[in-house]
Asks: 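Dropping the structure in here first, questions after.
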Amino acid sequence: TSLFGKVGLTISDALAYETTFDERVFQTVLAAHTPADVIQSPLKQYHDAIQNEINKWIALFKEKADHFPQAHLKSLELNTPYHIRSTLNTILSFTHDKLNTILLYQRRDNVVNFSTRNQSGTVPLNDVLREAIADLPDSEGGGHPKAAGGHCNAKDWPIVKQRITDQLRAYAKKNAQ
């Protein structure tokens, strides 16, 4: 990773640690004279915490992810105070499982936020999620063919998850022909 890449990662991780740190991050970057000033700033403690949390969830994914082989799907519920769902999913999809769709979800209050990744290019995840939340109130979803996400009411999550699974099963069957 380049020096500027490390600066970007430090900033990103600080914001993943606590989304209200935007002013603290801005002031740190503004006061820095060199990239190393940002990397070695007090933001480093947040970067380290987020990297440790991501590594913990990578290991948990390997051990505890639910696997739905006919749908080429692996899913895991996250229980973390940090905003790492999207970053973690991207890491997992590129480094651990390029063939399956990965679905990570997180409950907060009465909402489930979810993130999907599939690097194979065989499943348009933006379309899958659009269909999965169709006609459900207070639900949103979208993104790109290889990466999409959204949220729904917690009471609707079983419906959304089943719709995602059913659609992925249909794509797996179609792609096998």
Side-chain angles (χ1 to χ4, degrees), residues 8-9 11-22 25 46-47 49-51 53-62 64-172 175:
L9 188 58
I11 291 169
S12 176
D13 285 349
L15 294 172
Y17 186 89
E18 178 57 60
T19 58
T20 62
F21 281 1
D22 54 346
V25 169
Y46 308 117
H47 164 72
I50 292 299
Q51 291 305 306
E53 188 77 358
I54 287 171
N55 290 333
K56 174 183 101 175
W57 283 100
I58 288 171
L60 285 170
F61 180 82
K62 290 178 188 177
K64 301 197 183 259
D66 294 323
H67 189 207
F68 304 88
Q70 289 140 344
H72 297 267
L73 171 65
K74 290 185 178 179
S75 71
L76 182 66
E77 181 173 5
L78 303 180
N79 183 8
T80 176
Y82 306 121
H83 302 274
I84 62 169
R85 188 178 54 260
S86 180
T87 300
L88 175 61
N89 210 342
T90 299
I91 291 167
L92 289 169
S93 71
F94 275 111
T95 60
H96 289 46
D97 205 330
K98 294 181 182 180
L99 299 177
N100 286 296
T101 295
I102 298 174
L103 169 63
L104 300 180
Y105 59 98
Q106 195 167 10
R107 298 170 200 271
R108 292 186 190 246
D109 301 318
N110 292 323
V111 174
V112 174
N113 295 292
F114 48 91
S115 169
T116 59
R117 299 289 185 275
N118 184 313
Q119 300 306 327
S120 72
T122 60
V123 178
L125 292 174
N126 52 337
D127 295 341
V128 168
L129 293 190
R130 191 176 312 112
E131 289 294 319
I133 61 168
D135 75 3
L136 296 174
D138 302 319
S139 297
E140 292 183 347
H144 307 279
K146 292 183 178 183
H151 66 266
C152 66
N153 287 320
K155 68 177 180 55
D156 294 328
W157 176 242
I159 296 167
V160 172
K161 189 174 180 186
Q162 187 61 55
R163 288 177 178 178
I164 291 170
T165 305
D166 290 347
Q167 288 185 69
L168 292 175
R169 189 176 293 115
Y171 275 104
N175 291 333

Asks: Please answer whether the main-chain N or O of Gly149 pairs with a side-chain N or O of Arg85 as donor and acceptor at a distance below 3.5 Å.
Replies: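 Such a contact is absent between Arg85 side chain and Gly149 backbone.
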
Asks: Distance from Leu103 atom CG to Thr165 atom OG1, nearest 0.5 Å?
Replies: 7.5 Å

Asks: For a quick test of reading the model, state the closest non-hydrogen atom pair linking Tyr105 to Lys161 and the distance between them.
Replies: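 Answer, listing the atom of Tyr105 first, then Lys161: OH-NZ, 3.5 Å.
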
Asks: Is it true that atom CG of Asp135 has more than 12 heavy atoms of other residues, nucleotides or ligands lying nearer than 6.0 Å?
Replies: yes

Asks: Distance from Glu18 atom CD to Asp13 atom CG, nearest 0.5 Å?
Replies: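 One finds 14.0 Å between CD of Glu18 and CG of Asp13.
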
Asks: Please step through salt bridge (charged side-chain N to carboxylate O under 4.0 Å, His left out) for the pair Arg163 and Glu131, ending with a clear verdict.
Replies: CA-CA 8 Å; Arg163 288 177 178 178; Glu131 289 294 319; over 6 Å; no

Asks: May I ask you to test the Ser86-Arg117 pair for a side-chain heavy-atom distance under 4.5 Å?
Replies: yes

Asks: Looking at Asn153 and Ser139, what are the two nearest heavy atoms and their distance?
Replies: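 Looks like N-OG, 4.3 Å.
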
Asks: How close do Ala14 and Tyr46 get, counting heavy atoms only, and between which atoms?
Replies: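 Nearest pair, atom of Ala14 first, then Tyr46: CA-CB, 3.8 Å.
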
Asks: With respect to Thr87, which candidate in Leu9, Ile50, Ile54 satisfies the side-chain contact (heavy atoms from CB on, under 4.5 Å) definition?
Replies: Ile54

Asks: So do His151 and Asn113 actually touch side chain to side chain, heavy atoms under 4.5 Å?
Replies: yes

Asks: Go through the steps to decide whether Phe61 and Ile102 satisfy the test side chain to side chain contact (heavy atoms under 4.5 Å, CB included), and finish with yes or no.
Replies: CA-CA 10 Å; Phe61 180 82; Ile102 298 174; 3.9 Å; yes

Asks: Quick check against the 3.5 Å criterion: does Asn175 have a side-chain atom that pairs as donor or acceptor with the backbone of Thr122?
Replies: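 Confirmed, Asn175 side chain pairs with Thr122 backbone.
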
Asks: A side-chain contact here means heavy atoms from C-beta on lying under 4.5 Å apart; do Tyr171 and Thr101 qualify?
Replies: no

Asks: Could you tell me the separation between the CG atom of Leu125 and the NZ atom of Lys146, rounded to the nearest 0.5 Å?
Replies: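 Separation between the atoms: 10.5 Å.
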
Asks: Contact between Cys152 and Phe114 at the side-chain level, heavy atoms closer than 4.5 Å - yes or no?
Replies: yes

Asks: So, the side chain of Thr116 versus the backbone of Ala148: is there a donor-acceptor pair under 3.5 Å, distance only?
Replies: yes

Asks: How close do Asn100 and Leu73 get, heavy atom to heavy atom, and via which atoms?
Replies: OD1-N, 3.6 Å

Asks: Between Gln167 (side chain) and Val128 (backbone), is there a donor-acceptor pair under 3.5 Å?
Replies: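 Yes, because the side chain of Gln167 sits within donor-acceptor range (under 3.5 Å) of the backbone of Val128.
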
Asks: What's the shortest heavy-atom distance between Tyr17 and Ala49, and which atoms?
Replies: CE1-CB, 3.8 Å

Asks: Nearest 0.5 Å, what's the OG1-CD distance between Thr80 and Glu53?
Replies: 3.5 Å

Asks: Can you spot which of Leu92, Thr90, Ile91 makes a side-chain contact (heavy atoms from CB on, under 4.5 Å) with Phe94?
Replies: Thr90

Asks: Begin from the C-alpha positions of Asn55 and Gln51 and carry the test side chain to side chain donor-acceptor pair (under 3.5 Å) through to its verdict.
Replies: CA-CA 6 Å; Asn55 290 333; Gln51 291 305 306; 5.4 Å; no

Asks: Is a donor on one side and an acceptor on the other found under 3.5 Å between the side chain of Asn118 and the backbone of Ser120?
Replies: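 Present.
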
Asks: Would you give the length of the straight line joining atom NE2 of His72 to atom NE2 of His67, rounded to the nearest 0.5 angstrom?
Replies: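 If we round to the nearest 0.5 Å, His72:NE2 and His67:NE2 are 8.0 Å apart.
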
Asks: Would you give the length of the straight line joining atom CZ of Arg108 to atom CG of Asn79, rounded to the nearest 0.5 angstrom?
Replies: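 Output value for this atom pair is 9.5 Å.
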
